[in-house]
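A short write-up of the structure that comes next.
Just so it is clear, the model here is predicted, and its values are computed rather than measured.
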Protein chains: 2
Amino acid sequence: MAAGKEAIVETELDPAAIDLGDLERSASFLLRIAQLAAYEAIFAIAPNMPLKLSEQTLLQVIEDNPDARQGAIADVLHIKWSHMTKFVRSMEMRGLVERYVPPNDRRSVLLRLTEEGRAQLREIRPRMRKLDAEAMSMLTAQEHRQLVGLLRKVAGRPPLAEDPPAPARAE
Amino acid sequence: MAAGKEAIVETELDPAAIDLGDLERSASFLLRIAQLAAYEAIFAIAPNMPLKLSEQTLLQVIEDNPDARQGAIADVLHIKWSHMTKFVRSMEMRGLVERYVPPNDRRSVLLRLTEEGRAQLREIRPRMRKLDAEAMSMLTAQEHRQLVGLLRKVAGRPPLAEDPPAPARAE
DNA sequence: TATTGTTATACTCTATAACTATA
DNA sequence: TATAGTTATAGAGTATAACAATA
């Protein structure tokens, strides 16, 4: 936080001037670093959020997929089933989520939001959209779109119905 | 793993067909999902690695920055100082890393690889390069380069000396 | 007074594996 | 037999804060 930019040219070991070597071009490494940087940016903008990011995400996905299986949601969010059990139960205990067993497959557990969960989400959704935009403010709109497309590819999500891969110049 | 693609058109609640709503376009969310997917891909290709990815990364960075401060390395890798202490010590106990206090600033701790650490790295580096490439095999070479550039921007790393942002068409 | 690192506690999430209930 | 979920244990890493040594 200090203004120091003065006498640090002597040892070439000044902080933050770390050379990452091969890692400077490693997508998997940069994926991790960028993700951490993005989350830190979000927390810097909005400290003291009433719910954790993971909880806000879960609420969104449950509202958009009412009556989906707990395990199926865990899988898209890359949450381990053993942890999902505790996670969902803690949301249930706080009155945000309902769990119930459907009669046709009594092994499974389906999820729904409670009225309280829906109420919280109404405030959360716009805030989340804004935070994402602010955390990515170093990107132009086009770069943002590009990044989303590339990340979806890496994550194995289907392409969005926009920006066709190759206009093909036919016709 | 089953071939089932038959009678699942009834409830529109078939697994994995989860709709992520807003999150489908959220860069910060996709950053997390893509990162997890990439790491899972790496572990799927190479289970039973002798060192953890975080440990392999640390060795690389120490070799590329001998005598760098422990805290400075923690900062680029987004490792908390309190954890870095334990992390480095465990590497030291395994004979891979050396810690020493320089006489000119006795608050700090500088890091170096041991001969054993260097030996391990000689095998690790090529394997890491290959794993990164394989985990990103869904991308073309150009997409990979693009992704690296965008991730560096998000992570706050300076641009690589290639692919100038705008050729400017001057001259 | 600010910086560097250490220690300690609580908490989140993963890794593994065993286990139950249901299909 | 396979699938969905639960439980338990160990470990990684974060969040926080207090602390010591040095600058």
Side-chain angles (χ1 to χ4, degrees), chain A residues 1-4 6-8 13-16 32-33 35-37 39-40 42-44 47-49 51-58 67-75 77-92 97 99-111, chain B residues 1-4 7-8 13-16 32-33 35-37 39-40 42-44 47-49 51-58 67-75 77-92 99-111:
Chain A
M1 294 303 186
E6 3 148 46
I8 41 178
L13 283 181
D14 43 300
R32 175 157 180 78
I33 297 304
Q35 192 261 313
L36 294 171
Y39 274 52
E40 283 163 19
I42 290 177
F43 290 127
N48 313 321
M49 285 186 290
L51 293 181
K52 283 172 283 183
L53 279 187
S54 58
E55 296 170 334
Q56 302 186 28
T57 300
L58 180 59
D67 305 320
R69 272 202 314 107
Q70 160 175 326
I73 293 181
D75 288 342
L77 297 182
H78 292 259
I79 295 171
K80 295 291 166 279
W81 284 17
S82 52
H83 179 57
M84 190 66 167
T85 295
K86 303 173 207 167
F87 188 24
V88 167
R89 289 219 169 136
S90 97
M91 304 286 279
E92 185 190 29
V97 166
R99 303 162 63 254
Y100 70 96
V101 174
N104 52 307
D105 183 350
R106 309 218 344 263
R107 293 171 303 181
S108 56
V109 173
L110 309 191
L111 303 181
Chain B
M1 294 308 184
I8 41 176
L13 283 180
D14 42 300
R32 175 157 181 78
I33 298 303
Q35 191 262 313
L36 293 171
Y39 273 52
E40 283 163 20
I42 289 177
F43 290 126
N48 313 321
M49 285 185 291
L51 293 181
K52 283 172 284 182
L53 279 187
S54 58
E55 296 170 335
Q56 302 186 27
T57 300
L58 180 59
D67 305 320
R69 272 201 315 108
Q70 158 175 326
I73 292 182
D75 288 343
L77 298 182
H78 291 260
I79 297 171
K80 296 290 167 281
W81 283 17
S82 53
H83 180 57
M84 189 67 168
T85 295
K86 303 172 207 167
F87 189 23
V88 166
R89 289 220 169 137
S90 98
M91 304 287 279
E92 185 190 30
R99 304 162 62 253
Y100 69 96
V101 174
N104 53 307
D105 183 350
R106 310 219 343 263
R107 291 172 304 180
S108 56
V109 173
L110 308 191
L111 303 181

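- The separation between B:Met91 atom CE and D:dA12 atom C1' is 14 Å, rounded to whole Å.
- Applying the side-chain hydrogen bond (donor to acceptor under 3.5 Å, both in side chains) rule to B:Tyr39 yields no partners; only residues at least two apart in sequence or on another chain are considered.
- Each of B:Asn48 and A:Glu55 was matched to the nucleotide of DNA chain C holding its nearest heavy atom; the match closer to the 5' end belongs to A:Glu55.
- With axes fitted over five pairs at each extremity, the angle between the ends of the helix from C:dT1-D:dA23 to C:dA23-D:dT1 is 10° (10° resolution).
- A heavy-atom distance below 4.5 Å is not found between the side chains of A:Thr57 and B:Arg32.
- Listed here is the closest heavy atom pair of A:Leu36 and B:Leu77: CD1-O, 4.4 Å.
- A:Arg99 meets the salt bridge (charged side-chain N to carboxylate O under 4.0 Å, His left out) test with A:Glu92; sequence neighbours excluded.
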From CA spacing to verdict: side-chain contact (heavy atoms from CB on, under 4.5 Å), B:Leu110, B:Gln70: CA-CA 6 Å; B:Leu110 308 191; B:Gln70 158 175 326; over 6 Å; no
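- Neither OP1 nor OP2 of D:dT3 sits under 4.0 Å from any side-chain N or O of A:Arg69.
- Among the nucleotides C:dT4, D:dT6, D:dG13, the one closest to the side chain of A:Thr85 is D:dT6.
- Rounding to whole angstrom units, CG of residue A:Leu51 and P of C:dT12 are separated by 13 Å.
- By the side-chain hydrogen bond (donor to acceptor under 3.5 Å, both in side chains) test, B:Ser90 pairs with B:Arg94, sequence neighbours left out.
- Rounded to whole Å, atom C1' of C:dC13 lies 14 Å from atom CD1 of B:Ile33.
- For A:Arg107, the salt bridge (charged side-chain N to carboxylate O under 4.0 Å, His left out) partners at least two apart in sequence or on another chain are A:Asp105.
- Regarding A:Glu92, its CD atom lies at a distance of 14 Å from the C1' atom of D:dT6, rounded to whole Å.
- One atom, CG of B:Leu53, and another, C1' of D:dG13, lie 14 Å apart when rounded to the nearest Å.
- Closest-nucleotide positions on DNA chain D for A:Val109 and A:Arg32 were compared, and the one nearer the 5' end corresponds to A:Val109.
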In the 5'-to-3' direction, what one-character label does each nucleotide of nucleotides 17-23 of chain C receive under the scheme B = base within less than 4.0 Å of a protein heavy atom, S = sugar-phosphate only, - = no such atom? ----BBS
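- Residues passing the ring pair (Phe, Tyr, Trp, His ring centres under 6.0 Å) test with A:His78, sequence neighbours excluded: none.
- Computed from coordinates, the A:Met49 CE to D:dA15 C1' distance equals 14 Å when rounded to whole Å.
- Between B:Glu40 atom CD and C:dT14 atom C1' there is a gap of 10 Å when expressed in whole angstrom units.
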In residues 79-89 of chain B, what donor-acceptor pairs under 3.5 Å come from side-chain atoms, sequence neighbours left out?
residue: B:Trp81; atom: NE1; partner: B:Gly71; partner atom: O; Å: 3.4
residue: B:Trp81; atom: NE1; partner: B:Asp75; partner atom: OD1; Å: 3.1
residue: B:Thr85; atom: OG1; partner: B:Trp81; partner atom: O; Å: 3.3

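- Separating the CG atom in B:Asn48 from the CZ atom in B:Phe43 is a distance of 11.0 Å, to the nearest 0.5 Å.
- In this model, the phosphate group of D:dT6 is approached by a side-chain N or O of A:Arg99 to a distance below 4.0 Å at OP1 or OP2.
- For A:Ser108, the side-chain atoms get nearest to D:dG5 when compared with the rest of D:dT14, D:dT6, D:dG5.
- Along DNA chain C, the nucleotide nearest A:Leu77 and the nucleotide nearest B:Lys86 are compared for position; the residue whose nucleotide lies closer to the 5' end is B:Lys86.
- Atom CG in A:Leu36 sits roughly 11 Å away from atom P in D:dG13 (whole-Å rounding).
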